[in-house]
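Order of listing sets the numbers, starting from 1, for every ligand and every atom in it.
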Amino acid sequence: MTYRSPRAAVLTGLGSWLPPDTVTNADLEATLDTNDAWIRSRTGIANRHRVSPGMSTSDLAVEAGLRALKSARSDQADAVVLATSTPDELCPATAPDVASRIGLPGVAAFDVSAVCAGFVYGLATAAGLIATGVAERVLLIGAEAFTTLVDPADRTTAAIFGDGAGAVVLRAGDPDEPGALISLVLGSDGGGSELLTVPAGGARRREPTEHHSRYLTMQGREIFRFAVRHMTSACRTAAEQTGWPLSDIDRLVAHQANARISNALGDALGVPPESRASNIEHVGNTASASIPLLLDEDNASGALTEGQRVLITAFGGGLAWGAATLVWPSLTSVA
Ligand code: COA
């Protein structure tokens, strides 16, 4: 899909929040048959954040959303889109509660569910709301209490996933100004849905059984291969649609699933290591929160600066993937 509209969605604010509780590799070593060397070498992860008892996705989303609005220097938005695969309840959506608590009662508010690709799907949703004139400003939040899906006895998924939230504000603007989303590419393959799934607890199997867990099950090796293949292809398409040779990319902001996946992607695209954004070491895989968390961190540290050509990409369960391009605008980070 080439995204063309006289009313572009322009990035104008961003923020993020991590719950204070952490789980280090040493913490995992204490309860699981694993070790720091294995986790670091196979995933690049040393630490993750985790919701404390009683805390949930909406709590993370509110914190990140408020910071994004502050960064955008406005407390207004016409829509709140929440990308999450861990809604507070199966029904209703969590976004209306988040919108009310942020001080935006009455605005359009709904969830987008595309697991780790949720934020890129959310960008396309926000761009659509703006292009059609339904909204002037959209608050897009990616928030996950993903550790609530993880079996504490499963050393593979326990080592990978963490919790957190990131948010951006998009406003209607000119397609040629910095911050305007230029290309948006989305894809999915339901044939791979079994590779990453929570088998029980949904409408198909309400209660867990011996063979169908209420926890996340993952076939890591297959996911790894599909992730590299689909993100590489989505990135090539997005860069081509934008008219950027891959050698022109200043910052590759890829979903933080595994450092080896990001490295394989960067190598396949020919993007040098110093141009690849990464924070997986201290946050792990935070699913739909991963990209906005990384954008906020890179903006705050000065790794992302005005005028850089940015290529965003994500892959997750579903299977679902996507990519987006923009020229980085001048943005204020809020602590
Ligand atoms: N500590 C120690 N050993 C572990 C371990 C851990 N935390 N997790 C798995 N292992 C073991 C496996 O049990 C297996 O043991 P075995 O050979 O005795 O059966 C061995 O390590 C190798 O497992 P394998 O799955 O082949 O390892 P891998 O190199 O593929 O790495 C992942 C496993 C999960 C880290 C990797 O496949 C991955 O990251 N996949 C993508 C997952 C992902 O990104 N999911 C989210 C999608 S957005």
Considering all protein heavy atoms, does one lie under 4.0 Å from [atom]?
atom                    : value
atom 32 (C) of ligand 1 : no
atom 29 (O) of ligand 1 : yes
atom 7 (N) of ligand 1  : yes
atom 39 (O) of ligand 1 : yes
atom 21 (O) of ligand 1 : yes

List every atom of ligand 1 that sits less than 4.0 Å from any heavy atom of [X], numbering the atoms from 1 in the order shown and giving each element.
X      : value
Cys116 : 48 (S)
Phe315 : 48 (S)
Arg42  : 29 (O)
His255 : 48 (S)
Met218 : 34 (C), 42 (C), 43 (C), 45 (N)

Which residue and atom name correspond to the protein heavy atom nearest [atom], and how close is it?
atom                    : value
atom 27 (O) of ligand 1 : Trp38 CZ2, 4.2 Å
atom 34 (C) of ligand 1 : Thr156 CG2, 3.4 Å
atom 24 (P) of ligand 1 : Arg221 NE, 3.8 Å
atom 41 (C) of ligand 1 : Gly220 O, 3.5 Å
atom 18 (O) of ligand 1 : Arg155 NH2, 4.7 Å
atom 1 (N) of ligand 1  : Thr34 OG1, 2.6 Å
atom 46 (C) of ligand 1 : Asn285 ND2, 3.5 Å
atom 36 (C) of ligand 1 : Asn258 ND2, 4.0 Å

Give me the atom names and distance for the closest heavy-atom approach of Ile291 to Ala314. CD1-CB, 3.7 Å

Closest contact, heavy atoms only, Thr57 versus Ala145: OG1-N, 3.3 Å

Test of understanding: given a 4.0 Å heavy-atom threshold, classify the contact between [X] and ligand 1 as side chain, backbone, both, or neither.
X      : value
Val115 : neither
Thr43  : side chain
Ile223 : side chain
Ile261 : side chain

Is there at least one pair of N or O atoms, one from Leu196 and one from ligand 1, spaced under 3.5 Å apart? no

Considering only heavy atoms from C-beta outward, does the side chain of Val169 approach that of Ser71 to under 4.5 Å? no

Could you tell me whether the side chains of [X] and [Y] share a donor-acceptor contact shorter than 3.5 Å?
X      : Y      : result
Asn299 : Ser333 : yes
Asp163 : Thr147 : yes
His49  : Thr22  : no
Glu89  : Thr94  : no
Thr84  : Asp111 : no
Arg309 : Thr325 : no
Glu29  : Asn35  : no
Thr86  : Glu144 : yes

More than 12 non-hydrogen atoms from neighbouring residues, nucleotides or ligands closer than 6.0 Å to CD on Glu207, yes or no? no

Flag if over 12 foreign heavy atoms under 6.0 Å of CD, Glu222: yes

Same apolar cluster: Leu140 and Leu14, side chain cutoff 4.5 Å: yes

Does Ile160 come within less than 4.0 angstrom of ligand 1, counting non-hydrogen atoms of the residue? yes

